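Have a look at the structure below before the remarks.
Atoms considered below: every heavy atom in the structure, side chains included; atoms not considered: hydrogens, waters and symmetry mates. Since the structure is predicted, the reported quantities are computational estimates derived from the model, not experimental observations.
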Amino acid sequence: MKNTESQHHHKYDANGKQLCCTLEEKINRITDNQAGCCTVDYKSEHADDDGHDHSGDDRTTFQMFLPAIISFIFLIVAIGLDNYFTPTWFAGYVSLSWYLIAYLLVGYPVLKEAYESIRKGEIFSEFFLMGIATIGAFAIGEYAEGVAVMLFYAIGEIFQTLAVQRAKKNIKSLLDQRPDTATVMEGENAVSKKASEITIGEIIQLRPGEKLALDGKLLSDNASLNTAALTGESKPDTKQKGEIVLAGMINLNKVVLVEVTTAYTDSKLSQILQMVQDATAKKAPTELFIRKFAKIYTPIVVVLAIGICLLPMLFVENYNFNDWLYRALIFLVISCPCALVISIPLGYFGGIGAASKNGILFKGSNFLDIMASIQVVVMDKTGTLTKGVFQVQKVVAVGISEDDLVKYTAALETKSTHPVGTAIIEYAKGSEKNATVTDVEEIAGHGLKGKVDGNEILAGNVKLMKKFDINYDAVIDNTPFTIIVIAINQKYAGYFLIADEIKEDAKQTIESLHKLNVKTVMLSGDKQAVVDAVAKELNIDQAYGDLLPENKVEKVEGLISQNLKIAFVGDGVNDAPVVALADAGIAMGGLGSDATIETADIVIQNDQPTKIFTAINIGKKTKQIVYQNIGLAFAVKAIVLVLGASGLATMWEAVFADVGVALLAILNAVRIQRMKF
């Protein structure tokens with residue numbers, strides 16, 4: 001890769017990770033139209049660039065292929081003139097010049113890269129291998145083969161770029177979700193304003209079909225929104241007045257007003273974009289191994305190629321230098337590690353892109369590998385497996401109609417601010433509004449007493465019933481969930497069972513994880529009886545309740561001490577320490593706290609537990625594809641290397657072993673983008 005700093009040298013960490021100027025960065029710069037890590041003033045320094053290093057390149061696909069197309073035409077014509085028409089004029093310098101034109105159209109950028117690499121101290125690069133092999137082919141008169149090797153290599157480079165663009169398409173689409181401007185209300189006037197200049201507290205008018213530019217609070221009664229950019233879900237989401245709406249959501253049906261609550265740079269979508277852009281910085285162990293391997297492997301094959309060329313003169317009768325040089329050049333072409341170096345990160349790009357398409361953000365390709373090997377998934381209860389909202393799950397009426405029981409109880413609860421009372425009021429759906437409530441008394445630790453339409457109502461826990469010597473159904477004492485017991489005119493009238501509602505896909509999630517032989521554990525600060533009831537309903541392997549944040553840390557440390565690969569899923573700020581401790585920390589990104597999302601390695605954007613299973617599946621499939629590419633590259637190269645050294649393979653087989661295998665690996669890598677998860 002090209003550098004513009006005269007004193008720049010590549011640096012590596014202890015794991016062999018190159019800290020700058022990686023091949024992935026080059027490909028990323030091509031696809032993202034960005035400057036590189038070593039660039040001082042990229043556009044000014046590269047104004048005369050020839051095309052190989054396309055940093056800041058905005059050419060169309062046809063323009064990228066044009067030099068290769070012209071080179072191919074020159075090559076075909078030359079082969080025809082050499083082997084079929086054989087005119088007398090097409091010989092000597094004319095033939096050489098013709099082939100040189102075909103060669104330089106695609107070879108000059110590669111030779112320039114090789115020169116830049118050598119100048120910076122990186123001698124054994126893929127560009128050096130291609131340069132020396134093709135120049136050597138010209139030196140021994142194999143013009144057509146020299147051009148063919150460079151031509152197919154150049155085509156392979158273009159396909160690599162296009163493949164990465166495809167693999168990153170889902171990720172890059174996020175960049176288009178924030179509009180540059182928004183309509184702001186200034187009194188009665190609607191004024192267009194740059195999104196980055198809008199401040200907290202201003203009111204945005206969002207018309208049908210428009211995307212929201214900043215996070216905010218809905219001021220209109222309700223709104224139907226397309227949240228696909230943030231959650232991966234195509235189903236519209238209806239928001240009510242006072243609920244939070246996020247940048248990137250699209251208004252579907254009517255003009256609504258949104259009060260801005262978060263600065264442009266701090267919006268949820270801004271955080272997501274930053275996570276995605278940073279995702280490829282953390283490399284998987286496989287990538288690190290290949291990078292270290294290529295760094296050692298390339299100099300070795302150059303030495304072996306020299307040996308193949310020169311050593312036979314000591315042992316072979318009728319030694320022919322050109323013949324053995326040709327074998328050495330074939331060996332060099334085959335040995336180029338580009339199939340490995342690009343197809344492996346491309347596989348991980350594909351995995352990150354597929355995950356993003358499914359509403360899952362991986363903060364690094366290393367977490368794809370980790371998820372593929374997860375043995376235990378530890379989950380928080382509230383907000384992860386349950387919705388985190390109190391709801392009436394069951395109403396039992398005794399000696400009174402259920403409608404009247406709901407009406408009387410909800411009317412009394414309107415005088416309370418307790419969240420349990422709010423759940424009953426929501427369940428009543430307004431039936432309590434016509435009731436007359438008087439003489440309300442709150443009995444601390446017990447419940448409420450009052451009169452509704454002249455009837456004395458008691459609503460509270462069993463202690464309230466005992467206080468007033470009211471007999472109630474004994475089954476209530478054995479129920480783990482919150483129970484509001486009701487008495488009317490000193491007589492037991494029934495109860496409300498109130499619990500945190502389990503998410504619709506929670507049971508399916510546990511079943512799917514069990515099919516993968518993944519153990520499930522639930523941790524919660526809720527009381528043990530409630531935790532046991534949820535665990536039983538979902539068939540969770542182990543469940544622990546009554547836990548403080550430090551207790552959750554202890555439980556996870558205990559699992560880690562057993563040498564198990566742990567993923568922890570949580571959403572609250574109290575989950576952040578455990579998320580950081582686990583091998584893979586997963587945050588529920590829709591409702592999750594900023595601290596947990598910041599700490600997490602993986603973010604599930606729509607809060608669906610099934611995405612845990614999807615993340616593991618994507619990790620497994622990505623790792624499978626990467627290993628397939630490694631196996632394919634090594635197997636084909638090993639076979640053709642032996643054939644080339646033995647004189648049984650020509651430069652054409654060498655082209656397949658290098659560029660052909662690279663293209664096959666690329667096609668295999670982008671396959672993950674088409675998969676359904």
Which heavy-atom pair separates [X] from [Y] by the least distance, and what is that distance?
| X | Y | value |
| --- | --- | --- |
| Val377 | Val518 | CG2-CG1, 3.6 Å |
| Asp215 | Leu246 | OD1-CA, 3.4 Å |
| Ile352 | Ser365 | CD1-N, 4.1 Å |
| Ala411 | Ala435 | CB-CB, 3.8 Å |
| Thr261 | Ile200 | O-CD1, 3.9 Å |

Any donor and acceptor pair, going by atom type alone, linking the side chain of [X] with main-chain N or O of [Y] inside 3.5 Å?
| X | Y | answer |
| --- | --- | --- |
| Gln508 | Asp505 | no |
| Asp583 | Ala567 | no |
| Lys217 | Glu243 | no |
| Ser220 | Leu257 | yes |
| Asn461 | Leu464 | yes |
| Lys239 | Leu218 | no |
| Gln205 | Met185 | no |
| Thr386 | Ile502 | no |
| Thr384 | Lys381 | no |
| Glu426 | Ala423 | no |

Check the pair Gln393, Glu501 against side-chain contact (heavy atoms from CB on, under 4.5 Å), reporting the backbone distance first and the verdict last.
CA-CA 8 Å; Gln393 304 294 326; Glu501 187 178 1; 3.7 Å; yes

Going by heavy atoms in the side chains, are [X] and [Y] under 4.5 Å from each other?
| X | Y | value |
| --- | --- | --- |
| Tyr408 | Asp403 | no |
| Leu252 | Leu225 | no |
| Val245 | Leu212 | yes |
| Ile470 | Val485 | no |
| Val395 | Leu405 | yes |
| Gln391 | Ile498 | no |
| Leu368 | Ile618 | yes |
| Thr238 | Gln240 | yes |

Please list, chain by chain and in numerical order, all residues satisfying side-chain hydrogen bond (donor to acceptor under 3.5 Å, both in side chains) with Gln628, sequence neighbours excluded.
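Per chain and number, Gln628 pairs via side-chain hydrogen bond (donor to acceptor under 3.5 Å, both in side chains) with Asn668, Arg671.
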
Going by the rule side-chain hydrogen bond (donor to acceptor under 3.5 Å, both in side chains), which residues pair with Thr199 if we only count those two or more places apart in sequence or in a different chain?
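Partners of Thr199 under the side-chain hydrogen bond (donor to acceptor under 3.5 Å, both in side chains) test: Glu202.
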
Would you say [X] has more than 12 foreign heavy atoms packed within less than 6.0 Å of its [atom1]?
| X | atom1 | answer |
| --- | --- | --- |
| Lys507 | NZ | yes |
| Asp477 | CG | yes |
| Lys254 | NZ | yes |

First locate atom [atom1] of [X], then atom [atom2] of [Y], and finally report the distance between them rounded to the nearest 0.5 Å.
| X | Y | atom1 | atom2 | answer |
| --- | --- | --- | --- | --- |
| Ile204 | Thr183 | CD1 | OG1 | 8.5 Å |
| Asp601 | Phe362 | CG | CZ | 10.0 Å |
| Met588 | Gln605 | CE | CD | 12.0 Å |
| His514 | Glu511 | NE2 | CD | 9.0 Å |
| Thr622 | Tyr627 | OG1 | OH | 12.5 Å |
| Leu513 | Met379 | CG | CE | 6.0 Å |

For the pair Ile586 and Ile604, evaluate side-chain contact (heavy atoms from CB on, under 4.5 Å) and give the outcome as yes or no after the intermediate values.
CA-CA 7 Å; Ile586 305 174; Ile604 295 174; 3.6 Å; yes

Working for side chain to side chain donor-acceptor pair (under 3.5 Å), residues Lys211 and Asn251
CA-CA 6 Å; Lys211 295 174 185 175; Asn251 185 20; over 6 Å; no

In residues 486-496, what donor-acceptor pairs under 3.5 Å come from side-chain atoms, sequence neighbours left out?
{"residue": "Asn489", "atom": "OD1", "partner": "Glu456", "partner atom": "N", "Å": "2.9"}
{"residue": "Asn489", "atom": "ND2", "partner": "Asn455", "partner atom": "OD1", "Å": "3.2"}
{"residue": "Gln490", "atom": "NE2", "partner": "Glu456", "partner atom": "OE1", "Å": "2.6"}

Decide yes or no on side chain to side chain donor-acceptor pair (under 3.5 Å) for Tyr348 and Asn366, but give the supporting numbers first.
CA-CA 9 Å; Tyr348 286 108; Asn366 53 327; over 6 Å; no

Evaluate Ser401 against Asp404 for side chain to side chain donor-acceptor pair (under 3.5 Å), listing each step before the verdict.
CA-CA 5 Å; Ser401 71; Asp404 283 344; 3.3 Å; yes

Take Asn551 and Tyr544, measure what side chain to side chain donor-acceptor pair (under 3.5 Å) needs, and give me the verdict at the end.
CA-CA 10 Å; Asn551 302 135; Tyr544 303 94; over 6 Å; no

How about Thr520 and Asp541: does a side-chain donor come under 3.5 Å of a side-chain acceptor?
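Checked: Thr520/Asp541 side chains pair up, N/O donor to acceptor below 3.5 Å.
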
Trace of the side-chain contact (heavy atoms from CB on, under 4.5 Å) decision for Met522 with Val531
CA-CA 8 Å; Met522 183 170 67; Val531 172; 3.5 Å; yes

Checking Met675 against Ile672 for the side-chain contact (heavy atoms from CB on, under 4.5 Å) test, could you report, in this order, the C-alpha distance in whole Å, the side-chain angles of both residues, the deciding distance, and whether it holds?
CA-CA 5 Å; Met675 294 179 180; Ile672 195 170; 4.1 Å; yes

Electrostatic pair [X]:[Y] at N-O distance under 4.0 angstrom:
| X | Y | answer |
| --- | --- | --- |
| Asp380 | Lys552 | yes |
| Lys451 | Glu441 | no |
| Glu432 | Lys407 | no |

